[in-house]
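One structure below.
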Amino acid sequence: MTVLDDITADFEAGKVYVILGKSTEKSTLLALLAGIDTVSKGTIMYKNQNFQKIDRDRYRRTEVGTIFQQYNLIPEASALMMFKLLSWKQGNDTERFLSCLKKVGVDEKQANKKIKKLSFANQQRVCLAKAVLNNPEIIILDAPEITLNHLSLEAVMTYLRMYAKNENKCVIIGSQSNEVAACADELWGLNGGKLSFIKDNTKNDGS
């Protein structure tokens, strides 16, 4: 079965991209961009390098942060312990981890609790912080209206837009939400395996 058919797109740093589409199609595209799946035909390029030739394990560890509906948290660990395990930098960088968590609303007390004992909202905040932990060049988020449903969608989108603009990073979001779509710098649509450009909102807001 062909899920994505002859699609071409460029994604740049400093922008938030939203791709509207059916669940299977957008999730497949995001998994490809995250280096989780591989294409059966065609080419994905990252910094002028073919995905087929780069170290995709290293790419997933250092270049991309993901938030999918399977949170991939470690329930028996605290957020701080999990971040120590996931950080590719050497040494104990507790202050950096706490700062990362504080930005999404998780204080030091919550950061030291086992993740399974946190509220659903705080677990989702940890997931959001985990995505930016290693200062990735790309953030990929699938269906924030579902994945981060215990958080304010407006607050999540504001956080991601600031990350893209202030840190000059690329944020790519798959969604079916008009509220999410309204926050995009560039809006794309995915239908019948075809990816189509819809609108460039930066021309309207002057950014």
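Side chain to side chain, S27 and D142 meet the donor-acceptor criterion of an N or O pair below 3.5 Å. Residues T66 and R60 have side chains that never bring a donor and an acceptor to within less than 3.5 angstrom of each other. Remark: the Q124 side chain and the N149 side chain contain an N/O donor-acceptor pair separated by less than 3.5 Å.
By the criterion of side-chain heavy atoms lying less than 4.5 angstrom apart, applied directly or through intervening Ile, Leu, Val, Met, Phe, Trp or Tyr residues, M162 is not grouped with V16; the two fall into different hydrophobic clusters.
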Going through the distances and angles, do R56 and T38 end up as a side chain to side chain donor-acceptor pair (under 3.5 Å)? CA-CA 10 Å; R56 289 194 300 127; T38 57; 5.2 Å; no
Checking C183 against V18 for the side-chain contact (heavy atoms from CB on, under 4.5 Å) test, could you report, in this order, the C-alpha distance in whole Å, the side-chain angles of both residues, the deciding distance, and whether it holds? CA-CA 8 Å; C183 298; V18 174; 5.8 Å; no
Determine, stepwise, if the pair V180 / E145 fulfils side-chain contact (heavy atoms from CB on, under 4.5 Å). CA-CA 8 Å; V180 173; E145 67 275 13; 4.0 Å; yes
Could you go through I140 and V64, starting from their C-alpha distance and side-chain angles, then the distance that decides it, and tell me whether this counts as side-chain contact (heavy atoms from CB on, under 4.5 Å)? CA-CA 7 Å; I140 294 177; V64 63; 3.9 Å; yes
Before you tell me yes or no, could you show the steps for D185 and R161 under side-chain contact (heavy atoms from CB on, under 4.5 Å), namely the whole-Å CA-CA distance, both residues' side-chain angles and the distance that decides it to 0.1 Å? CA-CA 9 Å; D185 292 314; R161 282 180 61 84; 3.3 Å; yes
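The side-chain contact (heavy atoms from CB on, under 4.5 Å) with L101 is formed by just one residue from the set D107, V126, L128; it is V126. Just one of I173, I172, I36 meets the side-chain contact (heavy atoms from CB on, under 4.5 Å) condition when paired with L30; it is I172.
Within the 3.5 Å criterion, the main-chain N or O of S78 finds no donor-acceptor partner in the side chain of K113. The backbone N or O of D200 sits nowhere less than 3.5 Å from a side-chain atom of E186 that would complete a donor-acceptor pair.
Across every non-hydrogen atom of V171 and A164, the tightest pair is CG2-CB, 3.9 Å. Across all non-hydrogen atoms, the minimal contact from G174 to P144 is O-CD, 3.7 Å. Taking both residues in full, the closest heavy atoms of Q123 and L73 are given as O-CD1, 3.6 Å, listed atom of the first, atom of the second, then distance. In terms of heavy atoms, A131 sits closest to P136 at O-CG, 3.2 Å. Residues I115 and I74 come closest through the heavy atom pair CD1-O, 3.5 Å. Looking at every heavy atom in both residues, V104 comes nearest to A129 through CG2-CB, 3.9 Å.
Contact check for V132 versus C100: side-chain heavy atoms found under the 4.5 Å cut-off. F11 has its side chain within reach of L33: a pair of non-hydrogen atoms, C-beta onward, lies under 4.5 Å apart. In this structure, F97 and L86 have side chains that are not in contact, with every pair of non-hydrogen atoms separated by 4.5 Å or more. Contact of the L4 side chain with the L32 side chain is registered, since non-hydrogen atoms from C-beta on lie closer than 4.5 Å. Side-chain atoms of I138 and Y59, non-hydrogen and from C-beta on, do get closer than 4.5 Å to each other. Within the 4.5 Å cutoff, no side-chain heavy atoms of L118 are placed close to those of R125.
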Pairs of donor and acceptor atoms involving the side chains of residues 41-50, under 3.5 Å and at least two apart or interchain, shall be tabulated with distances.
from : atom 1 : to  : atom 2 : distance (Å)
Y46  : OH     : E63 : OE1    : 2.5
N50  : OD1    : Q52 : N      : 2.8

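Within 6.0 Å of CZ in F120 there are 12 or fewer heavy atoms belonging to other residues, nucleotides or ligands. Within a 6.0 Å radius of NZ in K194, more than 12 heavy atoms belonging to other residues, nucleotides or ligands are found. In E154, the CD atom is not crowded: 12 or fewer heavy atoms of neighbouring residues, nucleotides or ligands sit closer than 6.0 Å. The number of heavy atoms from other shown groups lying within 6.0 Å of CG (D55) is above 12.
E12 meets the salt bridge (Lys or Arg N to Asp or Glu O under 4.0 Å) test with K15; sequence neighbours excluded.
Remark: E25 CD to L20 CG distance equals 12.0 Å, nearest 0.5 Å. Between the CD atom in E137 and the CD1 atom in I139 there is a gap of 10.0 Å [rounded to 0.5 Å]. We find the CG-NZ distance between N201 and K199 to be 4.5 Å, quoted to the nearest 0.5 Å. Between the CD1 atom in I67 and the NZ atom in K130 there is a gap of 8.0 Å [rounded to 0.5 Å]. Atom-to-atom distance recorded for S23:OG and I146:CD1 is 7.0 Å, nearest 0.5 angstrom. Considering CH2 of W188 and CG of L29, their distance stands at 10.5 Å, rounded to 0.5 Å.
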